[in-house]
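All remarks here apply to the structure that follows.
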Amino acid sequence: MSTDTSSMRAVAGDYEVDDLVAVTMTVNGTAVEAKIPARMLLSDFLRHELRLTGTHVGCEHGVCGACTVHLGGRPTRSCLTLAVQADGCEIRTVEGLADFDGTLHPVQQSFRECHALQCGFCTPGFMMSVAGLLEEGIGNDLSDSELREHLAGNLCRCTGYQNIVAATRKAIDLRDGKEG
């Protein structure tokens, strides 16, 4: 007995994986509506459909953190998230950190001033993770070791993390109005 697998279709949730699914979300303050494949990753949707290429894709396993975005206000690995899971949600990417008038977010300003990058590949993910820490209210009362632990979900192969920790501290100061 032979089985014709060409007519078989996998089912994921309420839809077949080859189906296009309508999604609506708010990305960096802009309402977005699209019809996308059911198993399209959020990272691919952002990069290929919306052309927001600041979200980098590194390991594609959620280990490196380069793809970190904010989903519903929380840092999230976009390479592990299906775009359909973001339906109805607010998403912020690194492109959404700066104000509309071009004023840098404290994280962007601190990374620039502290030279917290080398090749820059991991930088957007780190910035989104640090922005998440700022929004959680993390303060400068943490030791360097504790700050490193908070940033452990992001990997950088170029730096020794010294300037990234310094930039995180500076961003906290900027948030708290301690520096200008």
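For the numbers below, each heavy atom of this structure counts, side chains included, while hydrogens, waters and symmetry mates do not. Counting begins at 1 with the first residue of the sequence. As the structure is a prediction and not an experimental result, all values here were calculated from the model.
Residues Phe126 and Thr68 have side chains not in contact (no heavy-atom distance under 4.5 Å, counting atoms from C-beta outward). Between Phe45 and Val32, the closest side-chain pair of non-hydrogen atoms falls below 4.5 Å. With a 4.5 Å cut-off on side-chain heavy atoms, Thr81 and Leu41 do not count as touching. Counting only heavy atoms from C-beta outward, the side chains of Val94 and Leu97 approach each other to under 4.5 Å. With a 4.5 Å cut-off on side-chain heavy atoms, Asp87 and Thr24 count as touching.
Both Met25 and Leu52 belong to a single network of hydrophobic side chains, linked directly or stepwise wherever heavy atoms of I, L, V, M, F, W or Y lie under 4.5 Å apart. Clustering ILVMFWY residues whenever any of their side-chain heavy atoms sit less than 4.5 angstrom apart, transitively, puts Leu117 in a cluster other than the one holding Val130. Both Tyr161 and Leu134 sit in one connected hydrophobic cluster of ILVMFWY residues. Membership requires side-chain heavy atoms under 4.5 Å apart, directly or through other members. Note: the hydrophobic cluster containing Leu50 also contains Val84 (ILVMFWY, side chain heavy atoms under 4.5 Å, direct or indirect links).
Remark: the backbone N or O of Ala38 is not paired with any side-chain donor or acceptor of Asp19 at under 3.5 angstrom. Checked by atom type and distance alone, the side chain of His56 pairs as donor or acceptor with a backbone atom of Phe121 at under 3.5 Å. Under the 3.5 Å distance criterion, the side-chain polar atoms of Asp101 are matched with a main-chain donor or acceptor of Thr103. Without hydrogens or angle criteria, His105 side chain to Val107 main chain gives a donor-acceptor distance under 3.5 Å. Not one N or O on the side chain of Ser145 forms a donor-acceptor pair closer than 3.5 Å with the backbone of Ser143. The backbone N or O of Val69 sits nowhere less than 3.5 Å from a side-chain atom of Thr93 that would complete a donor-acceptor pair.
Remark: Asp144 pairs with Arg169 by the salt bridge (charged side-chain N to carboxylate O under 4.0 Å, His left out) rule, at least two apart or across chains. Arg92 meets the salt bridge (charged side-chain N to carboxylate O under 4.0 Å, His left out) test with Glu135; sequence neighbours excluded.
No more than 12 heavy atoms of other residues, nucleotides or ligands sit less than 6.0 Å from atom CD of Glu149. Heavy atoms from other residues, nucleotides or ligands lying under 6.0 Å from CD of Glu90 number 12 at most.
Screening residues 42-69 for salt bridge (Lys or Arg N to Asp or Glu O under 4.0 Å), with sequence neighbours left out, gives no hits.
The nearest pair of heavy atoms linking Ala86 to Leu71 is CB-CD1, 3.8 Å. Scanning both residues, Cys79 and Ser43, for their nearest heavy atoms gives CA-OG, 3.7 Å.
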